Amino acid sequence: MPKKGKKMVHKLIILGSGPAGLTAGIYAARGKLSPLIIEGNKPGGQLTTTTYVENWPGEKKILGIELMEKIKKHAEHYGTTFLSDSVIKADLSKKPYTLTTEGGKTLSAESIIIATGASHKKLKAKGEDEYWGKGVTTCATCDAPFYQDKEVVIAGGGNTAVTEAAFLTRFAKKITIIQILDKLSANDPIRDEVEKDPKIEIILNSAIKEIKGDGKKINVVVIENQKTKESKTIPTSGVFVAIGFKPNTDIFKDQLDMDEFGYLKIIDHTKTSKEGIFTAGDVSDYKYMQAVTSSGFGCMAALDCETYLQKQKKS
Ligand SMILES: Cc1cc2nc3c(=O)[nH]c(=O)nc-3n(C[C@H](O)[C@H](O)[C@H](O)COP(=O)(O)OP(=O)(O)OC[C@H]3O[C@@H](n4cnc5c(N)ncnc54)[C@H](O)[C@@H]3O)c2cc1C
């Protein structure tokens with residue numbers, strides 16, 4: 001239990017209830033750290049926004065939401081407690097660290113694991129929200145097999161877009177890249193392959209304005225040329241949005257080291273630039289961005305935190 005007295009100090013507070021936060025919860029609870037998870041405004045994290053997950057070990061095919069409920073129950077079983085709230089302010093200037101929530105709570109912790117994930121930048125196209133997870137996706141590694149012999153479009157022209165396009169050529173029969181600029185902005189060497197691939201068409205100076213379907217699946221996207229303002233309809237079964245991510249780190253600005261895009265800097269494995277503050281998952285990993293890698297990262301953060309708290313106890 002957290003120390004009681006004048007002020008309750010939690011041994012560990014975990015921010016985020018995606019695969020990283022929940023796995024950290026399982027390990028920390030089994031390590032007797034009595035973790036509290038603050039769930040945030042997306043309980044269960046990004047996987048709750050998709051339909052089926054086919055790459056979680058031990059589950060051939062499972063709904064994202066069902067998988068996350070199972071992991072939450074696992075964490076609860078070993079004693080993790082949950083707070084349905086979001087952190088809006090963090091004071092990491094002195095120990096114990098202080099977190100303020102949207103619901104008006106002020107919480108103190110000896111250590112923190114930040115597993116707040118990253119948000120995908122959206123197209124802001126009509127129909128995008130309606131078909132999010134039902135044809136609109138952000139992850140070719142996750143969803144490409146669903147588009148075997150189908151036509152898909154990719155929004156974006158940077159490194160993520162060309163990498164996703166190259167990956168999708170193994171599955172889709174046609175891939176159309178819709179890039180808002182007048183050239184691909186990718187500098188990855190894979191760009192040359194993509195430009196030459198007969199399966200890939202690149203449409204420049206254009207933006208997706210609308211995603212249309214029958215309510216269950218996508219049929220077409222409407223694109224608009226930014227120069228001529230002409231509209232065109234492209235048949236497609238899927239829309240891969242690859243226009244960038246924003247890590248959810250605003251509340252730690254000027255308190256923790258971050259890279260130019262706002263991803264938390266890792267000093268050693270899961271340690272951030274401040275003692276007792278650890279990180280896990282997409283909030284600091286822009287390379288792998290998978291549920292299973294985030295989960296593994298959460299395990300590492302909990303183990304590192306356990307070691308840290310043990311050392312603190314001895315000193
Ligand atoms: C449509 C889609 C399909 C995908 N499909 C797959 C797939 O099939 N397989 C796969 O491996 N990966 C898939 N992914 C990627 C995978 O979902 C992510 O890599 C993974 O969820 C990252 O886990 P995370 O725990 O780091 O962060 P997230 O899942 O993003 O969770 C972040 C958590 O932090 C919380 N949070 C944010 N801000 C605060 C705050 N201020 N205070 C408290 N809490 C906060 C949120 O509420 C959320 O619970 C998919 C992603 C998307 C979007």
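Just so you know, these numbers come straight off a predicted model, no measurement behind them. Each ligand, and each atom within it, is numbered from 1 in the order the structure gives.
Relative to the six-membered ring of F82, K72 meets both conditions, a distance below 6.0 Å and an angle of at most 45° to the axis. Cation-pi check for K61 over W56 is not met; the charged atom does not lie both under 6.0 angstrom from the ring centroid and within 45 degrees of its normal.
Aromatic rings of F171 and Y147 (six-membered ring for Trp) have centroids beyond the 6.0 Å cut-off, not under it.
Residue G133 places no heavy atom under 4.0 Å from ligand 1.
For the pair K232 and E224, the salt-bridge criterion is not met [side-chain N within less than 4.0 Å of a carboxylate O].
For the pair T137 and ligand 1, the shortest N or O to N or O distance does not fall below 3.5 Å. Taking distance alone, with nitrogen or oxygen atoms compared against 3.5 Å, S17 approaches ligand 1 more closely than that limit.
Nearest non-hydrogen protein atom to atom 21 (O) of ligand 1 is P19 CD, 3.5 Å. Nearest protein neighbour of atom 11 (O) of ligand 1, counting heavy atoms only, is A291 N, 2.8 Å. Given atom 52 (C) of ligand 1, the protein heavy atom at minimum distance is T138 OG1, 3.6 Å. Of all protein heavy atoms, the one closest to atom 2 (C) of ligand 1 is T50 CB, 4.0 Å. For atom 25 (O) of ligand 1, the nearest protein heavy atom (residue, atom name, distance) is A20 N, 2.9 Å. Shortest contact from atom 40 (C) of ligand 1 to any protein heavy atom: V87 N, 3.8 Å. Atom 8 (O) of ligand 1 has its closest protein heavy atom at C142 CB, 3.2 Å. With respect to atom 49 (O) of ligand 1, the closest heavy atom belonging to the protein is K42 O, 2.7 Å.
With 3.5 Å as the limit, one finds no donor-acceptor pair spanning the side chains of N41 and S86. Checked by atom type, the side-chain pair N219/D214 shows no donor-acceptor distance below 3.5 Å. Side-chain atoms of Q46 and D282 include a donor-acceptor pair closer than 3.5 Å.
Rounding to the nearest 0.5 Å gives a distance of 11.0 Å between CG of L99 and CG of D85.
Nearest-residue assignment for atom 50 (C) of ligand 1 (options L47, T249, D250; heavy-atom criterion): L47. The heavy atom nearest to atom 10 (C) of ligand 1, out of those in Q290, M289, E54, is found in Q290. Atom 33 (C) of ligand 1 has its nearest heavy-atom neighbour, among A140, A115, G40, G21, in A115.
When the options I178, I243, I180, V241 are evaluated for a side chain to side chain contact (heavy atoms under 4.5 Å, CB included) with I208, the one that passes is I178. For the side chain to side chain contact (heavy atoms under 4.5 Å, CB included) with Y308, the lone residue among E110, E275, K271 that qualifies is E275. Checking V283, V87, I113 one by one against L15, the side chain to side chain contact (heavy atoms under 4.5 Å, CB included) holds for a single residue, V87.
Under a 4.0 Å criterion applied to the non-hydrogen atoms of G281, ligand 1 contributes the atoms 26 (O). Here is the list of ligand 1 atoms found below 4.0 Å of a heavy atom in H120: 53 (C). Short contacts between ligand 1 and I38, defined as distances under 4.0 Å to a heavy atom of the residue, involve ligand atoms 43 (C), 44 (N). Annotation for ligand 1: atoms under 4.0 Å from non-hydrogen atoms of S86 are 42 (N). Residue G16 has at least one heavy-atom neighbour below 4.0 Å for each of these atoms of ligand 1: 33 (C), 34 (O), 35 (C), 44 (N).
For D282, heavy-atom contacts with ligand 1 shorter than 4.0 Å involve the backbone as well as the side chain.
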May I have the step-by-step check of side chain to side chain donor-acceptor pair (under 3.5 Å) for D257 and T272, ending in yes or no? CA-CA 7 Å; D257 289 355; T272 67; over 6 Å; no
